[in-house]
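Because the structure is a prediction, the values reported are computed rather than measured. All values below were derived from every heavy atom in this structure, side-chain atoms included, with hydrogens, water molecules and symmetry-related copies excluded.
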Amino acid sequence: MREAGTKAPRHAGTKGKRLPRSFFAAGPEALAPALLGQRLVRILPDGTRLAGLIVETEAYLGVEDRAAHSFGGRRTQRVKSMYQRPGTAYVYFTYGMHYCFNVVCGAVDEPVAVLIRALEPTEGLEAMRAARAGRPGKGGMVAARRDPARVVRDGELCSGPAKLCRAMSIDRSLDGADLVKDDRFFIETGRSADLEPRMIGRARRIGVDYAGDWARRELRWFVRGNPNVSRPPR
DNA sequence: ATGACGATTTACT
DNA sequence: GTAAATCGTCATA
């Protein structure tokens with residue numbers, strides 16, 4: 001994690017300790033800010049290690065949260081991962097072309113989670129650029145709009161929930177993965193200790209205007225001044 | 001079986 | 001700022 005204005009992270013490439021299940025069991029409002037600065041790691045089938053520090057998260061509070069997929073106790077095929085153990089990955093497909101990734105953080109049958117909205121990329125940037133240059137999601141953009149040669153600036157590589165999934169090759173195959181045990185997908189201790197409270201911002205969640213009062217609640221946390229944050233508040 | 005919509009991103013005015 | 005892309009999911013019938 002770096003403050004605005006400083007150079008590349010000194011500890012890029014550093015491997016941390018894997019976060020234990022007890023860390024993930026904190027519940028969404030505690031886990032969302034606690035995940036800031038932690039390192040999300042993805043090992044590709046060919047062994048390439050991709051990683052980034054988490055710089056933006058959102059809490060989804062479950063059955064009473066109108067913005068949550070589990071609102072009202074919905075227990076559909078799509079959201080089944082949200083009802084699993086803390087530390088489970090909930091990956092869903094949306095808008096016909098994008099994936100988003102959440103960390104489940106409640107007891108079994110308590111469908112709460114934290115959406116990972118942005119990362120500061122630290123390892124495997126080349127592979128990320130290649131993944132982001134092509135077409136998104138499943139079917140992906142029409143021919144007229146896809147541009148395999150398009151250049152994605154580093155600050156835009158993982159600056160959104162679907163962008164980071166694209167950059168890190170996170171798709172449906174990782175839905176339900178156990179982040180505590182899985183060897184392709186996990187979270188390590190990063191540089192959260194460097195984050196003073198004043199460096200953490202809080203704001204409304206993005207893209208949930210349909211959720212009435214729940215749209216107004218400040219359930220989004222982000223690292224102030226970090227260029228990878230998807231939508232820095234005013 | 002059908003229709004409306006989405007925890008988004010992108011290009012364009 | 002607006003609109004298009006694109007299809008699985010969900011509610012309704």
Side-chain angles (χ1 to χ4, degrees), chain A residues 28-29 31-32 35 40 54-83 88-106 111-119 128-129 131-176 202-222 228-234:
Chain A
E29 288 179 280
L31 183 64
L35 279 174
L40 180 67
I54 297 170
V55 298
E56 184 183 357
T57 58
E58 281 179 359
Y60 285 84
L61 307 198
V63 299
E64 51 174 17
D65 181 356
R66 219 172 178 84
H69 292 161
S70 52
F71 173 68
R74 281 190 199 81
R75 200 162 184 145
T76 58
Q77 186 61 27
R78 176 179 64 158
V79 300
K80 66 183 188 306
S81 295
M82 278 190 82
Y83 291 79
T88 298
Y90 168 44
V91 180
Y92 67 91
F93 183 63
T94 190
Y95 288 103
M97 63 190 104
H98 300 301
Y99 293 97
C100 292
F101 159 59
N102 295 253
V103 179
V104 174
C105 57
V112 294
V114 172
L115 173 69
I116 306 303
R117 283 196 60 90
L119 306 174
M128 291 187 193
R129 281 185 207 105
R132 289 275 285 115
R135 60 192 208 285
K138 226 182 146 244
M141 305 276 224
V142 295
R145 301 187 76 174
R146 70 173 71 128
D147 178 10
R150 100 179 213 270
V151 177
V152 179
R153 295 165 36 202
D154 286 1
E156 267 84 64
L157 234 30
C158 298
S159 59
K163 293 180 187 176
L164 98 245
C165 283
R166 183 90 190 139
M168 297 190 80
S169 297
I170 297 167
D171 62 23
R172 245 336 190 8
S173 68
L174 294 174
D175 182 40
R202 197 172 168 174
R204 294 176 175 189
R205 294 177 293 184
I206 303 297
V208 297
D209 291 344
Y210 58 82
D213 294 332
W214 286 91
R216 270 156 241 142
R217 295 191 46 173
E218 300 204 315
L219 293 172
R220 172 179 171 231
W221 287 263
F222 58 96
N228 300 276
V229 171
S230 68
R231 290 185 47 187
R234 354 169 339 179

Centroid distance below 5.5 Å plus an interplanar angle below 30 degrees: do A/F93 and C/dG8 meet both conditions? no
Expressed as a whole number of Å, how far does the P atom of B/dT2 sit from that of C/dT6? 23 Å
With a 4.0 Å cutoff (strictly under), does any side-chain N or O of A/R231 reach OP1 or OP2 of B/dT8? no
From C-beta outward on A/H98, which listed nucleotide comes closest to its side chain: B/dA7, B/dT8, B/dT10? B/dT8
A/Y210 side chain near B/dA7 phosphate (N/O to OP1/OP2, under 4.0 Å): yes
Whether the side chain of A/E58 engages the backbone of A/I206 through a donor-acceptor N/O pair (distance < 3.5 Å, no angle test) should be reported. yes
Considering every strand and a 4.0 Å limit on heavy-atom distances, what is the contact class for A/A67: base, sugar-phosphate, or nothing? base
Would the distance check show the side chain of A/N102 and the main-chain N or O of A/V104 forming a donor-acceptor pair, the cut-off being under 3.5 Å? no
If pairing means Watson-Crick or G-U wobble with both distances under 3.5 Å, then the partner of C/dT6 is none
May I ask you to verify if any side-chain N or O of A/R172 is less than 4.0 angstrom from the OP1 or OP2 atom of C/dT9? yes
Looking at A/R220, does any N or O in its side chain come under 4.0 Å of the phosphate oxygens OP1/OP2 on B/dA7? no
Ignoring backbone atoms, test whether A/R74 places a side-chain nitrogen or oxygen under 4.0 Å from the OP1 or OP2 oxygen of C/dT9. no
Base, sugar-phosphate, or nothing: which does A/R66 touch, judged by heavy atoms less than 4.0 Å apart? nothing
When you look at CZ of A/R66, are more than 12 heavy atoms from neighbouring residues, nucleotides or ligands closer to it than 6.0 Å? no
Base, sugar-phosphate, or nothing for A/R205, non-hydrogen atoms under 4.0 angstrom? nothing
Rounded distance in Å - CG (A/L164) to C1' (B/dA7): 13 Å
Please tell me if A/T76 has a side-chain N or O lying less than 4.0 Å from either OP1 or OP2 of C/dC10. yes
Would you indicate, yes or no, if B/dA7 has its OP1 or OP2 atom less than 4.0 angstrom from a side-chain nitrogen or oxygen of A/H69? yes
Output the rounded distance in Å from NZ (A/K163) to C1' (B/dA7). 15 Å
Does CZ in A/R231 sit with more than 12 non-hydrogen atoms of other residues, nucleotides or ligands closer than 6.0 Å? no
Between CZ of A/F71 and P of C/dA11 the distance, given in whole Å, is 11 Å
Side-chain N,O (A/R78) to OP1/OP2 (C/dA11) below 4.0 Å: no
Expressed in angstrom and rounded to an integer, what is the separation of A/I170 atom CD1 from B/dT8 atom P? 15 Å
Counting only N and O atoms by type, is there a donor-acceptor contact under 3.5 Å from the side chain of A/R117 to the main-chain atoms of A/F222? no
